[in-house]
Amino acid sequence: MTRLTLAWAFDVLGVHRVQLEVLASNSRAINCYLACGFRQEGVRREAELYPGGWKDFIMMALLRSEHVTQAEIVRRGTARGRRPRPRRSG
């Protein structure tokens with residue numbers, strides 16, 4: 001679903017950049033975004049107060065040029081009959 005949304009944003013709407021914030025403790029979402037090509041840009045420390053205390057948020061973004069590269073990798077992997085390994089950024 002994330003990849004479809006990104007394809008719509010970049011290919012149909014023509015946006016240059018998609019950005020998001022995710023709770024630092026939400027490792028499943030973070031791994032999904034990394035697998036879709038997002039890169040971590042920063043952390044908003046203790047940005048919001050929840051019932052359990054202050055929570056950090058990770059800021060992530062994906063640029064059009066990175067999406068094009070990621071989409072090409074997926075197409076090549078699909079053409080060979082296998083899923084490509086997601087790129088990790090640090």
Side-chain angles (χ1 to χ4, degrees):
M1 194 52 108
T2 303
R3 284 194 175 105
L4 287 174
T5 303
L6 291 170
W8 174 73
F10 289 114
D11 302 336
V12 177
L13 296 180
V15 302
H16 172 71
R17 170 188 174 91
V18 175
Q19 65 185 33
L20 59 87
E21 289 187 1
V22 59
L23 277 167
S25 60
N26 191 345
S27 60
R28 284 182 152 184
I30 293 167
N31 288 333
C32 172
Y33 300 138
L34 289 171
C36 290
F38 280 86
R39 294 186 185 184
Q40 181 175 330
E41 294 189 327
V43 177
R44 289 195 316 127
R45 299 177 304 136
E46 296 184 2
E48 291 190 27
L49 182 59
Y50 280 70
W54 289 97
K55 302 294 181 184
D56 295 349
F57 280 81
I58 295 177
M59 298 176 295
M60 303 179 85
L62 178 65
L63 303 177
R64 173 191 295 279
S65 59
E66 296 165 340
H67 170 72
V68 169
T69 302
Q70 183 75 8
E72 181 58 33
I73 291 169
V74 169
R75 276 192 289 276
R76 280 187 277 165
T78 303
R80 292 184 194 138
R82 59 187 169 108
R83 289 185 60 180
R85 295 181 60 180
R87 292 182 353 175
R88 300 283 186 213
S89 63

Looking at OH of Tyr50 and NZ of Lys55, how far apart are the two atoms once the value is rounded to the nearest 0.5 Å?
-> 8.5 Å

Pairwise side-chain contact, Cys36 with Leu62, heavy-atom cut-off 4.5 Å (strictly under) | no

Beyond-backbone contact of Ile58 with Tyr33, side-chain heavy atoms, under 4.5 angstrom = no

Distance under 6.0 Å and angle within 45° of ring axis: Arg44 vs Phe57 = yes

Side chain of Asp56, backbone of Ala24: donor and acceptor closer than 3.5 Å?
-> no

Is a donor on one side and an acceptor on the other found under 3.5 Å between the side chain of Asn26 and the backbone of Val22?
-> no

Pairwise side-chain contact, Arg39 with Glu66, heavy-atom cut-off 4.5 Å (strictly under) | yes

Can you check whether Leu6 reaches Phe38 side chain to side chain, under 4.5 Å on heavy atoms?
-> yes

Could you state the interatomic distance from SG (Cys32) to CZ (Arg3), rounded to the nearest 0.5 Å?
-> 7.5 Å

Closest non-hydrogen atom pair between Ile30 and Met60, with its separation = O-CE, 4.3 Å

Can you find a pair of side-chain heavy atoms, one from His67 and one from Val18, that are under 4.5 Å apart?
-> no

Report yes or no: do Val15 and Val68 belong to one cluster of Ile/Leu/Val/Met/Phe/Trp/Tyr joined by side chain heavy-atom distances under 4.5 Å?
-> no

Consider only side-chain heavy atoms of I, L, V, M, F, W and Y, link residues closer than 4.5 Å, and tell whether Leu4 and Trp8 are in one cluster.
-> no

Below 4.0 angstrom, N of the basic side chain to O of the carboxylate: do Arg17 and Glu41 qualify?
-> yes

Applying salt bridge (Lys or Arg N to Asp or Glu O under 4.0 Å), which residue pairs with at least one partner in residues 23-37 are found, sequence neighbours left out?
-> none

